[in-house]
Amino acid sequence: NTNMQLITQLENIRLATGISIEGLKKNSYKEPKSVGYEKYEKSKILSANAKAVEENAKAVDAGYMPQMVLSDNYRRSTYGDVAKSPFGNGLLIEEENRLNISVGMRIFDNGKMKKESEALRYQKMALQSNAIYTEQEQRMQYRLAKSRLLTLKDKRKSTQSALRASKST
C-alpha cells in the first residue's frame with residue numbers, strides 16, 4: 001500500500017511538472033534550462049487567416065477600380081493568305097500587328113461589393129480578436145505554470161526541512 005502511494009505521488013509530480021522522476025533516493029531533479037515563451041500554432045494560424053481575409057477584402061474593393069486590358073496580337077502570313085480588297089483581286093498581307101485596349105468600370109452594383117467587403121473586414125476583426133484572446137490565454141497559462149514550478153520548489157524545500165527536522169529528533 002505504501003509502495004503504491006509512492007508510485008502515485010511520483011506520477012502526480014511527473015504530471016504536474018512534466019519532469020520524469022526516477023526515484024526518491026536522490027535529492028535532486030532535472031529542471032528545464034531554456035524554457036521560453038513561444039506562441040501556440042493556433043494563434044499563428046488565426047493571425048494568418050486574418051491576413052488572408054484582409055487580402056480578400058482588398059481584392060473585393062479593387063472591383064470598384066477601373067479595369068484595363070491590354071493585348072497585342074502578331075500574325076505572319078504565308079503567300080496563300082490574301083485579304084479581300086475593294087480594288088480587285090486581293091491584297092497579300094505579310095505581317096499584321098494588332099494592339100487592343102479595353103477599359104471597363106463597375107458603375108452600379110447596388111452596394112453588393114461594399115457589403116461583401118464589410119463582411120470580410122468584420123470576419124478579419126473577429127479572427128484578430130480571437131487570436132489576441134488565444135495569445136493572452138497562453139501567456140496566462142505560462143505565468144501560472146512558472147508560479148506552479150516555484151511553488152513546487154518551495155514545497156520541496158519545506159519537505160527537505162521537515163525531513164531534516166524529523167531525523168534530528
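FYI, the numbering just counts along the sequence from 1. Being a predicted model, the structure only gives us computed values, none of them experimental. As a basis for the values below, the full set of heavy atoms in this structure was taken, side chains included, without hydrogen atoms, waters or symmetry mates.
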Exercise for the section: Any chance you could lay out the side chain to side chain contact (heavy atoms under 4.5 Å, CB included) test for Glu118 and Tyr122, step after step, and finish with the verdict? Expected result: CA-CA 6 Å; Glu118 185 178 3; Tyr122 282 130; 3.4 Å; yes
Problem - Ser43 side chain to Lys39 backbone, donor-acceptor under 3.5 Å - result: no
Check: residues 63-71 side-chain donor-acceptor pairs under 3.5 Å, at least two apart:
{"from": "Tyr64", "atom 1": "OH", "to": "Asp109", "atom 2": "OD1", "distance (Å)": "3.3"}
{"from": "Tyr64", "atom 1": "OH", "to": "Asp109", "atom 2": "OD2", "distance (Å)": "3.4"}
{"from": "Tyr64", "atom 1": "OH", "to": "Lys114", "atom 2": "N", "distance (Å)": "3.2"}
{"from": "Gln67", "atom 1": "NE2", "to": "Ala62", "atom 2": "O", "distance (Å)": "3.1"}
{"from": "Gln67", "atom 1": "NE2", "to": "Met65", "atom 2": "O", "distance (Å)": "3.1"}

Problem - Considering all heavy atoms, the nearest Glu116-Val60 contact - result: OE2-CG2, 3.7 Å
Handout entry: Pairs where residues 51-63 contributes a residue and the test side-chain hydrogen bond (donor to acceptor under 3.5 Å, both in side chains) is met, not counting sequence neighbours
Key = Asp61-Ser117, Asp61-Arg121
Practice task
Give the other cluster members for Met140, using side-chain heavy-atom distances under 4.5 Å between Ile, Leu, Val, Met, Phe, Trp and Tyr residues; answer none if it is isolated.
Solution key: Leu144
Practice task
Could you tell me whether the side chain of Ser158 and the main chain of Asp154 form a donor-acceptor pair under 3.5 Å?
Solution key: no
Fill in the blank from the handout: In this structure, CG of Leu127 is separated from CD1 of Ile45 (nearest 0.5 Å) by 12.0 Å
Exercise for the section: Working to the nearest 0.5 Å, report the span between NZ of Lys42 and CG of Leu46. Expected result: 6.5 Å
Exercise for the section: Please check if atom OH in Tyr142 has more than 12 non-hydrogen atoms from other residues, nucleotides or ligands closer than 6.0 Å. Expected result: yes
Handout entry: Main-chain N/O of Ala50 paired to Gln128 side chain as donor or acceptor, under 3.5 Å
Key = no
Exercise for the section: Rounded to the nearest 0.5 Å, what's the gap from CD on Glu137 to CG on Asn130? Could you check? Expected result: 10.0 Å
Problem - OG1 on Thr134 to CZ on Arg139, rounded to 0.5 Å - result: 12.5 Å
Practice task
Working to the nearest 0.5 Å, report the span between CZ of Arg156 and CG of Leu152.
Solution key: 10.5 Å
Exercise for the section: To the nearest 0.5 angstrom, please state how far the CG atom of Asn49 sits from the CD atom of Gln123. Expected result: 9.0 Å
